[in-house]
Amino acid sequence: MPVIPEETHDSPLYRMRHSLSHVLAQAVQELYPGTLLGFGPPIDDGFYYDFVLPKPIGPEDLPAIEERMRAIIAAAQPFHHDDLEPEEAYARIAGMNEPHKAEYARELVAKRGVERIGFYRNGPFLDMCEGPHVANTSELPRDGFKLHSLAGAYWRGDERNTQMTRIYAYAYPTAKEVRQRVQEIEEAKRRDHRKLGVELGLFTITEEVGKGLPLWLPAGTVLRDELEKLAREMEFKYGYQRVSTPHLTKEGLYHTSGHLPLYEAGMFPPMELDEEGDLPSASSKERSRYYLRPMNCPHHHMVFKAQKHSYRDLPLRIAEYGTVYRFERGGTLHGLTRVRGMTMNDAHIYVTPEQLEDEFISVMRMHQEYYDLFGLTNWYMRLSTWDPDDPKRAGKYVDDPESWAKTQAQATAALERMGAHYRVSPGEAAFYGPKVDFQFRTVLEKEFTVSTNQIDFAVPGRFGLTYTDRDGTERTPMCIHRAPLGTHERFVSFLIEHYGGAFPTWLAPVQVRVVPVGEKFVAWGREIEAALRQHMIRAEVDDSDHTMGKKIRNAATSKVPVVAIVGEREVEARAVTIRRYGIQRQEEMGIDAFVDLIRGEIQQRRHVRE
RNA sequence: GCCGAGAUAGCUCAGUGGUAGAGCAGCUGAUUCGUAAUCAGCAGGUCGUGGGUUCAACUCCCAUUCUCGGCUCCA
């Protein structure tokens, strides 16, 4: 089972980081008088502090700030702590001229019932802060931190608020650990799917086609095809039927579904067709608006509606690797991880209310089966629920408290019955129901929802979907939206990083590279290639006139899982010598045994490693 | 979208107010090789795009497109 991240802000390490963040703020205010303070918490690998600066600063300014911080540490300033009653606290904050602190202090008192506000002073620097801190700046490591990046951040993370400048730092007890962290990040960058995507020729994103619209190159398309093949097999096994539906639709469909206007901000603007309408009233000149679809569900609901259904048909599972387009904000686009055009491993399962819970569990087991196959472990389940009090999402939920309560209870029961570890995240529900999201971390430790399993109690009713029950009455089914492999784009980005580009044989764009030792052996290499290709194995002979060492190097840098070497010995024995990616030991075997070995490995989707 | 940084050959990068360079990849030739880089030659860029300043712009200024870091881990 996946690990649920732990957090504690009370350890000596966090205390040190938190104190360093005050030293940072002090240094910045000394260097840039007039700087206003935001928040400055410890984080998993250091700390940050948010500022409103009197003038913009750049990365070139960071060394000077670090130097000032070291001077403050060397000055051995003791931290003094006191707690004040609200009125005294307000008075003191007024003297500090820190509007953000003032706002937060009042909120703490008004909304959270805090009775005393904490302050910490070291040297000339005073901050409103809960603490805890070290006793004296001299306890802080002079070389145990490094300011590493500068970023924009909104006060309280809300874009309607002031934009602040955030300074991030790594912080550890020793300089050595800081260096290790820097190395870790560098190592992670080597696995970054955007870098490997270029190196391995998997995909490209061009200015001409548009941002967030990746083009899959031949090698990357192999990955997609293999995933689709896997999904077809798995879904067949679990009783799904496949459908195929268009990428756009008329506006009305989204009024029915409720995506308009609720989801409009996430959609590409409509295409306006100023022409004779195709509505029944032939005389009326209608303006038809078409949208690129941001979701597949309305199309699938229409598939359900096209035929009459009995309770005997349920659960009815319809699946499609459906392409959708979402207008994600420019600044959030990120390689393949967040894009504007994506193809989703989607399915909609229509169930009776009684079937909902079992089917929901069955879907979650399917998710696990997939992740086990890939050896993915850095994920956890998140129960995303309705939060009627969240002001940011006001009006963004279907208004039906009773159904929310009921389906959330069912989702919780399903998770409990599975014995799952999960976290609850209020306010993250879909507009039509609660969901279980499968949260993954990229190599650079950013968390994304890779896949999701959702309950929909609302939309089938809006579409007038029905099935005939045992007693002859027409009833509305519930719907489960699920996408265990998420989208090709995001899922492949995680696979690239997970495998560091060295895919298991079944996924690898080139599965076997045949390397003839010299020109004389190319013919035998071709025979091997042909024998493999006959079994749909992606094999190719390296018939370049490079030296053998170079050919082996080329196979290694392109991370081909199996290299088959052929020379004098192998020709005589009708054999190959195989060398696997990342494995030292080599093995010579007859051609038939070799073909069988690779076929079996691919068929079972085995990942052969040292 | 917003704040900050950036964009030079297919890739990685150097360069500078006087008109662009390297390595790898590519192409050609020689080499035919037993386990991670054989040698030589050639070719490749309106320096993201559009304006402006200047005798002169890849370099300075403005705009624009795209990319990168970040945008509640909360006193």
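Lettering of chains follows the sequences in order, A, B, ..., and the numbering in each one begins at 1.
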J.: Taking 4.0 Å as the cut-off, does a side-chain nitrogen or oxygen of A:Y168 come that near to OP1 or OP2 on B:C71?
T.: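 Answer is yes, contact under 4.0 Å.
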J.: Quick one: A:Q163 CD to B:C2 C1', roughly how many Å, whole number?
T.: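 Spelled out: CD on A:Q163 to C1' on B:C2 is 5 Å.
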J.: Regarding A:Y104 and A:R106, is there a side-chain donor-to-acceptor distance under 3.5 Å anywhere?
T.: no
J.: If you assign each of A:T577 and A:V114 to its closest nucleotide in RNA chain B, which residue comes earlier from the 5' end?
T.: A:T577
J.: Base contacts versus sugar-phosphate-only contacts with protein, heavy atoms under 4.0 Å: please encode nucleotides 24-33 of chain B as B, S and - from 5' to 3'.
T.: -S----BBBB
J.: I'd like to know if A:K146 and A:E66 make a salt bridge, using a cut-off of under 4.0 Å between side-chain N and carboxylate O.
T.: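 Not counted as a salt bridge, because no side-chain N and carboxylate O are separated by less than 4.0 Å.
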J.: Go through B:A36, B:G34, B:C73 for me and flag the one nearest to the A:I43 side chain.
T.: B:C73
J.: Hey, does the side-chain of A:E328 have a donor or acceptor N/O within less than 3.5 Å of a partner on the base of B:G1?
T.: no
J.: Could you check whether the side chain of A:Y154 and the base of B:G1 have a donor-acceptor pair of N or O atoms closer than 3.5 Å, going by distance alone?
T.: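 A donor-acceptor contact between them is present.
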J.: At less than 3.5 Å, do the side-chain atoms of A:Q586 and the base atoms of B:U35 form a donor-acceptor pair?
T.: yes
J.: Assign A:T206 to base, sugar-phosphate, or nothing according to its heavy-atom contacts below 4.0 angstrom with the strands shown.
T.: nothing
J.: Rounded off to whole Å, could you give me the CZ-to-P distance for the A:R190 and B:C11 pair?
T.: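 One finds 21 Å between P of B:C11 and CZ of A:R190, rounded.
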J.: Just list the side-chain donor-acceptor pairs under 3.5 Å for residues 53-64 of chain A, sequence neighbours left out, or say none.
T.:
unit_1: A:D61; atom_1: OD2; unit_2: A:G58; atom_2: N; d: 2.7

J.: Whole angstroms only, please: what is the CZ-C1' distance between A:R194 and B:U67?
T.: 9 Å
J.: Under 4.0 Å between a side-chain nitrogen and a carboxylate oxygen: does that hold for A:E199 and A:R194?
T.: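 Between A:R194 and A:E199 there is no salt bridge, as every charged N stays at least 4.0 Å from the carboxylate O atoms.
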J.: Just need the stems in RNA chain B: three or more back-to-back Watson-Crick or G-U pairs, each with both distances under 3.5 angstrom, sorted by first number.
T.: B:1-7 with B:65-71, B:10-13 with B:21-24, B:26-30 with B:38-42, B:48-52 with B:60-64
J.: Using the C1' atom on both, measure B:G10 against B:C3 and round to a whole Å.
T.: 33 Å
J.: At less than 3.5 Å, do the side-chain atoms of A:R579 and the base atoms of B:U35 form a donor-acceptor pair?
T.: yes
